[in-house]
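One structure below.
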Amino acid sequence: MYLAKVYVTYKESILDPKGEAVHDALHRLGYTNVDSVELGKYFEIKLTAGKKTVEAEVDEMCDRLLANVNMESYRYEITEMEA
Amino acid sequence: MKFAVPVFPGSNCDHDMVNALRDILQADADLVPATTTDLTSYDAVILPGGFSYGDYLRSGAIARFAPVMTAVKAFAASGKPVMGICNGFQILTEAGLLPGALQANRSAQFICETSELIVRNVETQFTSDYATEAHLQLPIAHGEGNYYCDEATLAELQANNQIVFEYVTNPNGSVANIAGIINRQGNVLGMMPHPERAVEAILGSTDGLGIFKSLLAHREEVTHA
């Protein structure tokens, strides 16, 4: 069994109004040293090896569903889990 | 002319659409479930607004894989008209039937108001009933209606006259004030404003009627050609 940790974030050119709202809220709480906040998505996917390599399959999942590559980019870490 | 209005779990403008088509335009319209796999008996498909599959992941991201979308793709490929309103527009971009994406409004707020639009292209089967550069009052109601595409895509949309509706005052941060676009082939239209909510005087505007009248007139032309 493998564990894939997938992180999806907006590309730099894309507005992140939710991140900005969190940024502003942190400032209101007094954390004026906060320079920026990026709000993204995090997935933990447990899977077994299929027909393709686990990496190829996770990559495909990101392209097809987990991220909208028009406006988001993704990265992932895959580790083998102890049985 | 027979319209299909696919209903996804979480659609909420499906009945408004069918009401507009049946009661106001006296057209045939069926609500069809998202599990439908064959749309060949219809003349047009309209994907309604709402929050399909709870907008989980991204608006339209899950709906794109509903069985009916395979049929919608085949329907579009056959050249018949497909229109997506609001969440329907989001689904069409997620499905790759229209370029770009709808991101969160610049204000991070849900916007529910009447918007003024300019019809930029009246030479489509969806807009032929309107006068050139007509101004329309249509309701918008969305949290993620901020149209985004890269510069190359925008240049292509402009070069091919694919920007059909523009906001007079940009409410949500959309690139180039875009409120609605059409595909290159001219048979798939997506727009954030709700024409089906502007079909009776009592609703505050009848400016949405032109889209449905255009489609009905186009169908007449095709069948009597």
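Letters go in sequence order (proteins before strands), and every chain restarts at 1.
For a residue to count as touching a neighbouring chain, one of its non-hydrogen atoms must lie under 4.5 Å from one of that chain's; by this rule B/Gln109 does not touch chain A. Only the side chain of B/Asn146 has a heavy atom closer than 4.5 Å to any heavy atom of chain A.
Across every non-hydrogen atom of A/Ile14 and B/Gln103, the tightest pair is CG2-OE1, 2.9 Å. Heavy atoms only, all atoms of each residue included: B/Leu102 and A/Met71 are closest at O-CE, 3.7 Å. Nearest heavy atom pair, residue B/Arg58 against residue A/Leu66, reads NH1-O, 3.1 Å. For the pair A/Pro17 and B/Arg106, the tightest heavy-atom approach, listed with the atom from each and the gap, is CB-O, 3.6 Å.
Listed options B/Gly100, B/Gly173, B/Pro99, B/Ala61 were ranked by heavy-atom pairs under 4.5 angstrom with chain A; first place goes to B/Gly100. Considering only heavy-atom pairs separated by less than 4.5 Å from chain B, the leading option among A/Lys18, A/Glu20, A/Lys41 is A/Lys41.
Counting non-hydrogen atoms of other residues, nucleotides and ligands closer than 6.0 Å to CZ of B/Phe65 gives a total above 12. No more than 12 heavy atoms of other residues, nucleotides or ligands lie within 6.0 Å of CD in A/Glu55, so this atom counts as exposed by the packing criterion. Open room surrounds NZ on A/Lys52; 12 or fewer heavy atoms of other groups in view lie less than 6.0 Å from it. Counting heavy atoms of neighbouring residues, nucleotides and ligands inside a 6.0 Å radius, atom CD of B/Glu113 exceeds 12 of them. When the shell of 6.0 Å around CZ of B/Phe110 is examined, it contains more than 12 heavy atoms from other residues, nucleotides or ligands. In the displayed structure, A/Glu77 atom CD is contacted under 6.0 Å by more than 12 heavy atoms of other residues, nucleotides or ligands.
Under the 3.5 Å distance criterion, the side-chain polar atoms of B/Arg64 are left unmatched by any main-chain donor or acceptor of A/Leu65.
Looking only at side-chain heavy atoms (C-beta outward), B/Tyr148 and A/Leu15 stay at 4.5 Å or farther from each other.
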